[in-house]
Amino acid sequence: MAYKTGIVPALALMAGCASAPVERPAEPPPEAIVLPYVSTFSDNAPGDAVPNGWRLWSLSRFKKATQYQLVDYAGKTVVKAHAKASASGLLHALKLDPQQYPLLQWQWKTMELIAGADNTRTHTEDSPVRVVVSFDGDIDSLPLDDRMFFDNVRLLTGQQLPYATLMYIWENRAPMNSIIPNRHTSRIKMIVAESGRDKVGHWQEVTRNIRDDYRRAFGEEPGGIMSIGIMTDTDNTGENVHAYYGDILFRRKSPTRVTFGSD
C-alpha cells in the first residue's frame, strides 16, 4: 500500500492512506473516567452491521475493501477482519485529551502473519492488525515539506490529514517498540506493538502510553486525539489474512486485565 504512510507521484498517491481524515466530534461527557464514548464492540450484537459509533473507512476507490463483521467469541462480541488483497478500516471520531487519558488499551488476535510483509519497505507495507490514532495540532507550523504533502493529499483526495498519526502494528521482523518512520512525511509514524510468530493465534492484550509514545515518535507533546481506527490490510502483498479486534479503551491508569481464555 504505497500511500498508507506516504505519497508517491500521480495516481499512486490515490492508493489510500492509513492516516485517518480529520473529524470534529462533539465534546465527550465530562463525568467519564473510563471513556465509554469510544463505543465498545462488545456492546453490539453479532452481525454484519458497522459497530455503533464507528464508520467504514475507505482508503481509496482504487482499493478493494477489507471485510469487517461483528462476531461472538466466547460470549463476547468482537470484530472479525478478513483481508484478501484489500485495505480499509473502521474509524471512530473522538475529542480526547491524552494528558488526562494517556493509556490506550485494546485486544487483538491474528490467525497468521503476512509472509511477504515488511513495514520498513513501502511496497510491502501490510499488517494483519493496526490501531491508528490521529492527533490535532497546528498544521501551519509544520515544515514546508510536510505542508506540501498535506496540500497534495487534500487536492487529490478532498480530505485533510491530521496533524500527526501514530499507527500500532504487528510486524514480522522489526523489534518490539521500534518506530518506523515515513518516507514522505514526518507526521506519520508506525510503532511495533507486537512482532514475530510467537503469539499468533492467541488473544493479546496491549496497553500503550500514547503520551509517551507520541513524545518518543515526534519529539513534542501531543495535541488532542481526534480519532481512532482499526485496519487489516494486504493490498501490497495480495495475501489472505484473518484477524480479530476486542474493545478499545482510553484510561487514566493501568487497566484490569481482560482475557478471552487461552486462544
Side-chain angles (χ1 to χ4, degrees), residues 1-8 12-20 57 59-60 62-66 81-91 104 106 108-135 146 149 153 161-162 164-201 204 206 208 210 212-214 216-219 227-245 248:
M1 182 186 291
Y3 182 57
K4 277 201 294 276
T5 60
I7 189 169
V8 292
L13 182 141
M14 299 293 293
C17 182
S19 185
W57 168 21
L59 303 185
S60 167
F62 299 104
K63 294 290 183 181
K64 180 182 175 183
T66 296
H82 176 210
K84 186 175 183 180
S86 63
S88 65
L90 299 178
L91 186 70
L104 172 60
W106 73 87
W108 63 14
K109 173 181 177 178
T110 183
M111 303 309 295
E112 54 271 316
L113 294 184
I114 302 167
D118 181 351
N119 284 272
T120 66
R121 300 171 62 89
T122 300
H123 298 294
T124 55
E125 189 217 317
D126 284 336
S127 181
V129 281
R130 294 180 191 257
V131 173
V132 183
V133 189
S134 68
F135 297 84
D146 286 322
F149 174 83
V153 172
L161 294 183
T165 300
L166 284 179
M167 284 186 280
Y168 294 101
I169 64 172
W170 191 318
E171 235 287 311
N172 286 9
R173 305 171 189 83
M176 283 274 291
N177 295 315
S178 59
I179 296 175
I180 301 176
N182 180 260
R183 290 179 58 197
H184 305 284
T185 176
S186 67
R187 307 314 301 171
I188 303 173
K189 302 286 179 70
M190 286 182 284
I191 295 181
V192 179
E194 188 56 70
S195 185
R197 297 197 55 83
D198 289 350
K199 298 177 181 178
V200 169
Q204 300 304 311
V206 182
R208 302 292 308 199
I210 52 173
D212 290 350
D213 284 342
Y214 187 99
R216 192 162 60 95
F218 296 107
S227 69
I228 189 158
I230 60 172
M231 185 170 69
T232 294
D233 57 286
T234 60
D235 57 316
N236 270 346
T237 59
E239 296 192 34
N240 188 20
V241 69
H242 294 81
Y244 298 85
Y245 297 86
I248 299 172

Thr165 side chain to Ile188 backbone, donor-acceptor under 3.5 Å: no
Heavy-atom pair of closest approach, residues Ala193 and Met176: O-SD, 3.1 Å
Between CG on residue Asp126 and CG on residue Asn119, distance to nearest 0.5 Å: 7.5 Å
Atom of Pro175, atom of Val192 and distance for their closest heavy-atom approach: O-CB, 3.4 Å
Gap between atom NZ of Lys189 and atom OG of Ser178 - 0.5 Å precision: 12.5 Å
Shortest non-hydrogen contact from Ser127 toward Ile169: OG-CB, 3.8 Å
Side chain proximity check, Leu161 to Arg187, heavy atoms < 4.5 angstrom: no
Reported CZ-to-CG distance for the pair Phe62 and Asp235, which is rounded to 0.5 angstrom: 13.5 Å
Verdict with reasoning, Leu104 to Val131, per side chain to side chain contact (heavy atoms under 4.5 Å, CB included): CA-CA 10 Å; Leu104 172 60; Val131 173; 4.3 Å; yes
Distance, nearest 0.5 Å, that separates OG1 of Thr120 from CZ of Arg173: 8.5 Å
Listed partners of Lys199 passing salt bridge (Lys or Arg N to Asp or Glu O under 4.0 Å), at least two apart: Glu194
Set of residues satisfying salt bridge (Lys or Arg N to Asp or Glu O under 4.0 Å) with respect to Glu239, sequence neighbours excluded: none
Contacts of type side chain to side chain contact (heavy atoms under 4.5 Å, CB included), residue Ala243, not counting sequence neighbours: Thr110, Val129, Thr232
Pairwise distance NZ(Lys84) to NE2(His242) - rounded to 0.5 angstrom: 9.5 Å
Pairwise distance CH2(Trp170) to CZ(Arg197) - rounded to 0.5 angstrom: 9.5 Å
Those residues that, when tested against Ser186, pass side chain to side chain contact (heavy atoms under 4.5 Å, CB included) (two or more places apart): Asp146
Test side chain to side chain contact (heavy atoms under 4.5 Å, CB included) applied to Ile230 and Trp106, step by step: CA-CA 11 Å; Ile230 60 172; Trp106 73 87; over 6 Å; no
Residue pair Ser227 / Ser134: nearest heavy atoms and the distance that separates them: OG-OG, 2.6 Å
Nearest heavy atoms of Trp57 and Leu90, plus distance in Å: CE3-O, 3.8 Å
Arg216: side chain to side chain contact (heavy atoms under 4.5 Å, CB included) partners, not counting sequence neighbours: Asn177, Ile179, Ile191, Arg208, Asp213
For the student: nearest non-hydrogen atoms of Ala115 and Asn172, plus distance: O-ND2, 3.6 Å
Test ring pair (Phe, Tyr, Trp, His ring centres under 6.0 Å) applied to Tyr245 - qualifying residues, sequence neighbours left out: none
Polar side-chain atom of Thr124 near backbone of Asp118 as donor-acceptor pair, under 3.5 Å: yes
Side-chain heavy-atom pair Glu171, Met190 within 4.5 angstrom cut-off: no
Donor-acceptor contact below 3.5 Å, side chain Thr66 vs main chain His82: no
Parallel, tilted or perpendicular, as decided by the 30° and 60° cut-offs, for the rings of Phe218 and Tyr214: tilted
